[in-house]
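In what follows, a single structure is set out as C-alpha cells and then discussed.
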Number of protein chains: 2
Amino acid sequence: MKLGQATIKDIAKALNVSTSTVSRALKDYPGISNETKKKVKDLAEHLNYRPNAVALSLRKSKSNTIGVIIPEVVHFFFSTVISGIEEVAFANGYNVVLCQTNERFSRELSSIETMLDNQIDGLLISYSKETEDFNHFKKLLDLNFPIVFFDRVPEIPNTVNVIVNDFQGAYDATKHLIDQGYKYIAHLAGPKNLTISKKRMEGYLAALTDHNLSINNDWIFHCPEGTKEESLDIIKSLYLKGGILPDGIFASNDIAAAGAMVALKELGYQIPSDIGIVGFSNWQFCSMIDPPLSTIAQPGFKMGEIATTLLLSCISNKNNSDAKGETVVLDTELLIRQSSVK
Amino acid sequence: MKLGQATIKDIAKALNVSTSTVSRALKDYPGISNETKKKVKDLAEHLNYRPNAVALSLRKSKSNTIGVIIPEVVHFFFSTVISGIEEVAFANGYNVVLCQTNERFSRELSSIETMLDNQIDGLLISYSKETEDFNHFKKLLDLNFPIVFFDRVPEIPNTVNVIVNDFQGAYDATKHLIDQGYKYIAHLAGPKNLTISKKRMEGYLAALTDHNLSINNDWIFHCPEGTKEESLDIIKSLYLKGGILPDGIFASNDIAAAGAMVALKELGYQIPSDIGIVGFSNWQFCSMIDPPLSTIAQPGFKMGEIATTLLLSCISNKNNSDAKGETVVLDTELLIRQSSVK
DNA sequence: TTGTACGCGTTATCAG
DNA sequence: CTGATAACGCGTACAA
C-alpha cells in the first residue's frame, strides 16, 4: 500500500536538485559536494525517507528475499530450523518468505510458483511427504536457480544439501537400547519415500546386525501419518496379539514414540523396566512426559543457519558457474533419559 | 533473481504486436480480436509466461502481501495461528511474510520497518513481551495503515483485534478445580505487561471470589520467562517452605503447568489426588504427559483465519475511512484430563 | 482493433 | 560536481 512515504523524487523536488543527485548523496557516492550531501541527508532523515524495496527489486533484478518451504510450522524441528534461517538471513540483509505445504505436493508446487513470481533470490526447501517427483526442482536447478535442500533432500545429482546423520542417530539410539540389555527391538519407521526414513531404518538394522541380533520384519512398522494415534494403535494391536514381543522400541520420531508409550502404559507395561523406548528429534515434551523420553537431538537451529549460509553463497556465486553439489552432514546427539535406562 | 523468465515484451516482440496488446489479450480485455488473443495466449503458455509480481507491486502500489509478526514460531499456539492465516491469505491471492521477534522489542521495530519497505498491504501482529510502548503502532494507524492485532492486543482506541476470552477461560479452569474439591488454588501468571496475563489472572480471582475462597497473594507467581525450569523452581521452593500449601494450581500456560507438575512429582506429591493442575493453550504434549494435563484450548487456527479476513477487509475498505475499531472475542474450551480430576 | 506514451521508485550511464 | 535519460516489467489513458 501507499503510505505517503517520501520518495527520492520528493527530496529532489524540495531541494531543487535531480533525483540522481539525491540517490548518490544518500549512498555516499564520490563526487558529491559535502554541502548538498548534507542537505539531502538531513531532509531524508527529516522526512523519514526509506528506499522502496520493491522498486529496488525491479531495478536490480534482486529482491534480497529468500523463500522457505517446509512441511509444517507446528513441528518442533522445523520451527527451530526457521529460527536459524531467520537469524542468518536478517544478519545479511535478506528477508524471508515462508510457506508450509501441509505435506501436500500441490501446495509445494504453487508455493514455489508464487515465490518465483515474487522474484525470490533463492529457495530453501524441505519437501513434502507426497513429493515423489522432483522435476519441479530439476527445472529450476537447470536454470541455475539457487536452491538448498535441508533435512529432506531429493536424489538429484549436484544439489546442495544440509542433513543430519540420520543413519548414525538411529544407530546410536538402537545401540543404546541394546547396551541397556534390550534384545528384541521394534522400529516405528517414518514415511516410506523420505530418505530420512530409509536412513534411520538402515541405522536401526545395522545396529541390530552389528550386535548379532536378528531382524524381525514383523516388528518394523511404517507410520505414514506420524500421529500419536497411529503409533498407539499399531503398538496396541501388536502387544495384544501376544507371542514373542519386543522389549524395546526405536521410533523414528518423538510423536510416534509418545504414542507407543501411552499404548504400553495402558496395557500395563512398565517403562523402562519392561520395555525401553527411544524417539527422534527432541521435541520439548520429551523431558516432560513420564518417564522422560530418550531421544536423538537434531541441531535444527544450526541446520537453518548453515543452509542459509550456503544459499547466500550460492546466490552471490551464481556466475562462477562450476557449482558442484555439496552435502553438509550434521551430527545428532543421543539424549539419554529414563525411558530407555533399565 | 533473473530466471530468463519471459516478459510481456518478449511475447510482443515475437508476435510483432505492442506490449499493451499482449497485456490486454492476456487479461481478456474487450476489444481484442479473437485471433490475436489466441496467438498471445498460446505463446504465453508456451513460454510459460508468468507476470512479474514485483513489477505489478510497483505499478499498482499494491503487493498482495501481508506481514505477520509473532513472538515465536516454536510455540504451539502461534504456529497454529500461522496456519489459519496462510489458508485465508492464499485463498484470497495474498502472500505472507513472517517474522518472529523472539520476544524482543527491537526486533519488532526492525521487522515492521523492513516489511513496510517491502510495501506490504497490511500487518497482522501479536507483539512481544518487551513491548510496552505502542507508538510504532499508533504512527501507522494514524496513516490509516491496515493492522489487525491478535491474541496480544494493545490498549489503543479503535483498533481491530482478535482475541480469545482469556478471562472466561481462566475462570472456567479455576472453577473446574474448585468444583473438583480443590480449595487452595495457586496461580502461575504470565508476563505482567500482557493483557492476556491480566485477564487470566482476573478470571482466576473472580472464580475464587465467586466461590467464597480467599485470595492469597503469596500464591500468585509471575513467570516472565515462561519456561519449564522457571515454574519448576517456583513451585519447588514454595512447597519446600512448608506451611499451608496449595492443593491446586492454575497456570496461565501449559509449559509452566508442566514444570509445576515435574516439581510436584519430584517432591513426592500425587497428581491429581494431592494436587490438581490446569494449564492454558492445549499444546500437543498435554495429552502425552502423565497424568494428562487438563487445559484451556484456544482456537488458534480460527483466530488466524478471522484475523486475516478482517485484515483483508480493512485493506479493501481503506477508502471508506470511517474505520471503527472492532474486537472479536473467541471462546475457549476447557479440556478436562486427569491432572485435575480427583 | 491496436499502438504510443507515461509512470510506479530507483540506479547506472553518459554528458556536461 | 551535477543533471538528463533510459531501463527494470507492467497497466492504462489517450490517440489513431
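Labels below follow one simple rule: chain letters A, B, ... track the order of the sequence lines, proteins then strands, and each chain is numbered from 1.
B:S111 places a side-chain N or O within donor-acceptor distance of the main-chain N or O of B:R107, the cut-off being under 3.5 Å.
Counting only residues at least two apart or on different chains, the ring-ring contact (aromatic ring centres under 6.0 Å, His included) pairs with a member in residues 88-125 of chain B are B:F105-B:H136.
Note: CG (B:L15) to P (C:dT1) measures 17 Å, nearest angstrom. Protein atom NZ of A:K39 is 14 Å distant from nucleotide atom P of D:dC1, rounded to whole Å. Rounding to whole angstrom units, NZ of residue A:K13 and P of C:dG9 are separated by 10 Å. Computed from coordinates, the B:I8 CD1 to C:dC6 P distance equals 19 Å when rounded to whole Å. Atom NZ in B:K60 sits about 6 Å away from atom P in D:dT12, given to the nearest Å. B:Q5 has its CD atom 16 Å from the P atom of D:dC8, to the nearest Å. Between the CG atom of B:D117 and the C1' atom of C:dT10 there is a distance of 13 Å, rounded to whole Å. Counting to the nearest Å, the C1' atom of D:dT2 and the CG atom of A:D28 are 16 Å from each other.
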In a table with atom names and distances, give each donor-acceptor pair under 3.5 Å that connects a side chain of residues 25-34 of chain B to protein atoms at least two apart or in another chain.
{"from": "B:D28", "atom 1": "OD1", "to": "B:K41", "atom 2": "NZ", "distance (Å)": "2.9"}
{"from": "B:D28", "atom 1": "OD2", "to": "B:K41", "atom 2": "NZ", "distance (Å)": "3.2"}
{"from": "B:S33", "atom 1": "OG", "to": "B:T36", "atom 2": "N", "distance (Å)": "3.1"}
{"from": "B:S33", "atom 1": "OG", "to": "B:T36", "atom 2": "OG1", "distance (Å)": "2.7"}

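The phosphate of C:dC8 (OP1 or OP2) has a side-chain N or O of A:K9 nearer than 4.0 angstrom. A:Y29 has no side-chain polar atom (N or O) that falls below the 4.0 Å cut-off from OP1 or OP2 of D:dT2.
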Pairs under 3.5 angstrom, nitrogen or oxygen only, protein versus nucleotides 2-5 of chain C, please.
{"from": "C:dT2", "atom 1": "OP1", "to": "B:S33", "atom 2": "OG", "distance (Å)": "3.4"}
{"from": "C:dT2", "atom 1": "OP2", "to": "B:S33", "atom 2": "N", "distance (Å)": "3.0"}
{"from": "C:dT2", "atom 1": "OP2", "to": "B:S33", "atom 2": "OG", "distance (Å)": "3.3"}
{"from": "C:dT2", "atom 1": "OP2", "to": "B:T36", "atom 2": "OG1", "distance (Å)": "2.8"}
{"from": "C:dG3", "atom 1": "OP2", "to": "B:S18", "atom 2": "N", "distance (Å)": "2.9"}
{"from": "C:dG3", "atom 1": "OP2", "to": "B:S18", "atom 2": "OG", "distance (Å)": "3.2"}
{"from": "C:dG3", "atom 1": "OP2", "to": "B:T21", "atom 2": "OG1", "distance (Å)": "2.4"}
{"from": "C:dG3", "atom 1": "N7", "to": "B:R24", "atom 2": "NH2", "distance (Å)": "2.5"}
{"from": "C:dG3", "atom 1": "O6", "to": "B:R24", "atom 2": "NH1", "distance (Å)": "2.8"}
{"from": "C:dG3", "atom 1": "O6", "to": "B:R24", "atom 2": "NH2", "distance (Å)": "3.1"}
{"from": "C:dT4", "atom 1": "O4", "to": "B:S20", "atom 2": "OG", "distance (Å)": "3.1"}

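In this structure B:F134 satisfies the ring pair (Phe, Tyr, Trp, His ring centres under 6.0 Å) test together with B:Y127, sequence neighbours excluded. By the side-chain contact (heavy atoms from CB on, under 4.5 Å) test, A:P299 is found to be paired with A:V164, A:K302, A:L330, residues two or more places apart in sequence or in another chain being considered. Checked against salt bridge (Lys or Arg N to Asp or Glu O under 4.0 Å), A:E305 has no partners two or more places apart in sequence or in another chain. Residues passing the ring pair (Phe, Tyr, Trp, His ring centres under 6.0 Å) test with B:Y49: none are found, sequence neighbours excluded. When the salt bridge (Lys or Arg N to Asp or Glu O under 4.0 Å) test is applied to B:R104, no partner is found at least two apart in sequence or on another chain.
Residue-environment remark: NZ (B:K138) exceeds the threshold of 12 foreign heavy atoms within 6.0 Å.
For DNA chain D, none of the residues of residues 43-57 of chain A falls under the heavy-atom distance limit of 4.0 Å.
A donor and an acceptor atom sit less than 3.5 Å apart, one in the side chain of B:R59 and one in the base of D:dG11.
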